[in-house]
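Every chain is numbered from 1 and lettered A, B, ... according to where its sequence line falls, protein lines coming before strand lines.
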Protein chains: 2
Amino acid sequence: MAALSDNIERFIKQLMDEDTKIELRRNELAQHFGCAPSQINYVLATRFSVDRGYIVESRRGGSGYVKVIRITQSDSDLLSVLISRVGDEIDKDSANAIIHRLYELSLITLNEARILASAVRCDNVALSGRACDMLRAQILKNALVQVFKNLRED
Amino acid sequence: MAALSDNIERFIKQLMDEDTKIELRRNELAQHFGCAPSQINYVLATRFSVDRGYIVESRRGGSGYVKVIRITQSDSDLLSVLISRVGDEIDKDSANAIIHRLYELSLITLNEARILASAVRCDNVALSGRACDMLRAQILKNALVQVFKNLRED
DNA sequence: CTCTCTTTGACCATTTTTGACTATTATATA
DNA sequence: TATATAATAGTCAAAAATGGTCAAAGAGAG
């Protein structure tokens, strides 16, 4: 069995037992487990992905950190549904429909919906239809993650 | 956990809580935080930039000082200033500084700031630096218009 | 034996912190 | 008044403190 990764995963989940958000020091953690620091990244990438209901944020440099945030199960389900719905490219109408839905579910406010819609408009941008759809998909997916992250933090 | 710079930033902002203008002694402040005086310059440069809505003035020599001034502007002025600041292309850090400023001015909420920042990230997008900066500028300007439109409606 | 998942390590990127050297200005002194 | 001195602040590059990436080696499961 792949003990190390599982142990690290368990350790992090224990830390999160009561809180939905914790802060780690990558190097400390690696030292604690006597492994390479990049091992921590591996665990975060494989066990704490968005699909599994987690969001990871970090900052480098002096007093840098790694934050792990848990989103609720139902939120995470919806999030992954929406993300796969968006896919690699999405046209403007479908994007707007998704934004509208988020608004109706009260997951975002009217202002947020408008900002999102404007971000996803992609007109005035010198990109051909296909490239535009791909770009829109990327922006929308980034924003979706953000929306759900916000939900957990409030 | 919080970095020295973060603490100094917070300290200065507390001093400015009610006033739009304060005066500091660089060396005193450095001593208070037990750090190199140039650390203060670092904080001023990274956290109190014009993009973030501050102006810093100083004078050397006997009874020298450092003044920090928060820029205040009417909304409509601000919109045009920001739009021309964004221009036809803008890098990520400057864009984030502007978003941060909108948040500090309470013109957008934290959630909105995050959505905007994510929309403007442009990573994962197969675009070269220059094209990316142009795209970012376009998205940001669209969103700015939206933000200020929303303001008028509330 | 092969395939996949894990683990490591060398190299990269970012942010903060410090220090040596420089520039400016008020004030005391000749 | 001219000059020296002390008191400030600024600059810039190096060092320190983090975290990230990616490809290759290792280990287990079938």
Do any side-chain nitrogens or oxygens of [X] fall under 4.0 Å of OP1 or OP2 in [N]?
X        : N       : value
Asn27(A) : dG19(D) : yes
Ser58(B) : dG10(D) : yes
Ser5(A)  : dT7(C)  : yes

Length of the [atom1]-[atom2] vector between [X] and [N], whole Å:
X        : N       : atom1 : atom2 : answer
Glu9(B)  : dT15(C) : CD    : P     : 14 Å
Gln31(A) : dT8(C)  : CD    : P     : 14 Å
Glu28(A) : dA17(D) : CD    : P     : 13 Å
Gln39(A) : dC5(C)  : CD    : P     : 15 Å
Asn7(A)  : dT6(C)  : CG    : P     : 12 Å
Asn41(A) : dA23(D) : CG    : P     : 15 Å
Arg26(B) : dG19(C) : CZ    : P     : 13 Å
Arg25(A) : dG20(D) : CZ    : C1'   : 16 Å

Looking at [options], which one has an atom nearest to any side-chain atom of [X]?
X        : options                   : result
Val66(A) : dT8(C), dG19(C), dG19(D)  : dG19(D)
Ala3(B)  : dT17(C), dC22(D), dC12(D) : dT17(C)
Tyr42(B) : dT8(C), dT16(C), dA9(D)   : dT16(C)

Upstream residue (5' side of DNA chain C) when Thr46(B) and Ile40(A) are each assigned their closest nucleotide: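 Of the two residues, Ile40(A) wins.
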
Once each nucleotide of nucleotides 25-30 of chain C is scored for protein heavy atoms under 4.0 Å, what B/S/- sequence comes out, 5' to 3'? BS----

Determine whether more than 12 heavy atoms belonging to other residues, nucleotides or ligands lie under 6.0 Å from atom CE of Met134(B).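 Open: at most 12 neighbouring heavy atoms sit under 6.0 Å from CE of Met134(B).
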
Listed partners of Glu104(B) passing salt bridge (charged side-chain N to carboxylate O under 4.0 Å, His left out), at least two apart: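 With sequence neighbours excluded, Glu104(B) shows a salt bridge (charged side-chain N to carboxylate O under 4.0 Å, His left out) to Lys13(B), given in chain and number order.
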
Taking the side chain as every heavy atom from C-beta outward, state whether Val66(B) and Ile40(B) have any atom pair closer than 4.5 Å.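 No. Closest side-chain heavy atoms not under 4.5 Å.
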
When you compare the side chains of Asn111(B) and Arg114(B), does any donor N or O come within less than 3.5 Å of an acceptor on the partner?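 No pair is found: no donor N or O on one side chain lies under 3.5 Å from an acceptor on the other.
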
Checking Asn41(A) now: which residues fulfil side chain to side chain donor-acceptor pair (under 3.5 Å) with it, not counting sequence neighbours?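 Side chain to side chain donor-acceptor pair (under 3.5 Å) check on Asn41(A) returns Arg26(A).
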
Audit row: Thr46(B), Arg52(B), side-chain hydrogen bond (donor to acceptor under 3.5 Å, both in side chains) steps and yes/no: CA-CA 9 Å; Thr46(B) 56; Arg52(B) 287 176 178 235; over 6 Å; no

Donor-acceptor contact below 3.5 Å, side chain Arg85(B) vs main chain Asp51(B):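 A pair under 3.5 Å: no.
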
